[in-house]
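To keep things clear, I will list the structure first and then write my remarks on it.
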Amino acid sequence: MTLIHQTLQFIFGVSILTKNIWVELWSKPFHLRLTLNQIYEIGYKSWPIIFVTAASTGLVLSLQFGFTLEKYGLKMYTPRLISIALFREIAPVFTAFVLAGRVGAGMTAEISSMKVTQQIDAIRALGSSPIKLIVIPRVLGSVLSIPFLTLFSCAISYVFSALTSVYQLDISIGMFTSRFFNKVLLLDFLSGFTKTFVFAYLIAISACYFGMSASQKKEGVGEVTTLAVVSSSIMIVISDFVLTWIFFLLWLK
Amino acid sequence: MSNAGRKILIEIKDFYVSFGDKSILKGINFKLYEGECLALIGASGVGKSILLRSMVGLEKPSRGKIFIEDEDVTHFTESEFIKVRKKVAYAFQGGALFQSMTVYDNLAFPLRAHTQLNESSIEKIIKKELDDLNLAGCEEKYPQELSGGMQKRVGVARSIIMSPKIILYDEPTTGLDPYNTRNMENMILRLQKRGATSILVTHDMLSAKRVCDRVALLLDGDIRARGAPQDLEKSHNKLLNHFISGTKGGY
């Protein structure tokens, strides 16, 4: 099967799945408990990895911008540059990439294992809908958790970049904080925050699509898990470009 | 048992299933009458399970028609099949139990999804099903803590817990010890007495003889012999004799 054929099949499959989610989302029964479980699994259980990623991002950004700008006597612009980079791009995209690996891979492996052991067929045979029981709770869990994990990531990055600036760049905490937040426009924040909903959806839909399309062969689980992570990462990159372009056209220019 | 005047519950007409270039079923025709038990026998890989799965919409046919109680369900959508699946149960070959749920929750799943029963009524029904299948005391165990045979029996219990009108058993006795094989056969007979109509995919001729009214031999994508189990044993059909005796012959 050619790459083009696979890509078209993926786009078609994801579109059908999206349509089915939209149709079944509004009909009873609503599985609130399953959605809350997913929020716990995706949101709460991901905080340690987001903490580590965000802390190191804050440290690195501070050092890179600080020492580079210092050469040109522009050290005081460091907080402003870090805040723009963090809110608009780095926090949403890094968080999405990390979660595409942790959450996306986990979801795909779980769903595809259910597929190969005929548990998905059993749900259907028992007169229930796998879209309602498997897909919708994961998509909702993802869309409701990932934006908040991104906010958490921003907060941790701020703390660690501020600490680095104080101890390595001799910028006081008060100065860093006022310059970090002073010129952050609502639009900077919103442009990044809006992206997180899209990224969250792409991670979950890709994981559910590949999980549900796993073959009965055992090697199918590993194969679809890899495909899900690769596809969601590519979609994050492409959608980031498209959304950034749209935001610049509309507001940020 | 004569079928004259009995209602047809399932009718398969000119039924074909192919995967790519490979044709599995090639023009199957049969009728299943109310209260009847039909055994589908045949070598592994001839498409017996695919035929059963098609009846509950888990596989799509390439051509042909499936009628359930005179209603053409061949091109039903997934949501339309939900009402069919409430009256036609499919007992999976390996049980297909939900691994993240206990035996109790597996059995409670269809009752919670489709009935308004309270938890104490659900508990009573589950206890009775588990007792009937010699599984008492397994309620709090997870499927991975059970043997393959026990998982299969829990799977059967889950599929019949809603008292469906038609039950499709996919190799219900394969892998069971003689005691539990007999137990499973007795349960199938009990359900038939209560009015259930069933199709049994099996390799076990002895079980087919004990439980079923009719046997159909599937070979090369079509039904090649059919009749009452005791008549088929005396049959001169070479393919059937080879299958029953376990000799190669046409197989």
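Below, all heavy atoms of this structure are taken into account, side chains as well, without hydrogens, waters or symmetry copies.
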- Inspect the surroundings of NZ in B/Lys22 and state if more than 12 heavy atoms from other residues, nucleotides or ligands are less than 6.0 Å away. no

- Message: Quick check: under 4.5 Å, non-hydrogen atoms only, which of residues 105-128 of chain B neighbour chain A?
- Response: B/Phe109, B/Pro110, B/Ala113, B/His114

- Query: Quick check: are there more than 12 heavy atoms from other residues, nucleotides or ligands sitting under 6.0 Å from CZ of A/Phe94?
  - Reply: no

- Query: Around atom NZ of B/Lys141, are there more than 12 heavy atoms of other residues, nucleotides or ligands at under 6.0 Å?
  - Reply: no

- A/Tyr44 atom OH: more than 12 heavy-atom contacts under 6.0 Å: no

- Go through the atoms of B/Phe98 and report whether side chain, backbone, both or neither lie under 4.5 Å from a heavy atom of chain A. both

- Considering residues, nucleotides and ligands other than B/Phe19, do more than 12 of their heavy atoms fall under 6.0 Å from its CZ? yes

- Task: For chain B, find its close neighbours in residues 122-142 of chain A: heavy-atom separation under 4.5 Å, sorted by number, or none.
- Result: A/Ala122, A/Ile123, A/Arg124, A/Ala125, A/Leu126, A/Gly127, A/Ser128, A/Leu133

- Sub-4.5 Å side-chain heavy-atom contact between A/Glu24 and B/Glu78: no

- Task: Please say whether more than 12 non-hydrogen atoms of neighbouring residues, nucleotides or ligands are located less than 6.0 Å from NZ in B/Lys31.
- Result: no

- Task: Write down the atom of B/Leu58, the atom of A/Asp121, and the distance for their closest heavy-atom approach.
- Result: CD2-O, 3.9 Å

- Message: I'd like to know which of B/Arg158, B/Lys86, B/Arg85 tops the heavy-atom pair count under 4.5 Å against chain A.
- Response: B/Arg85

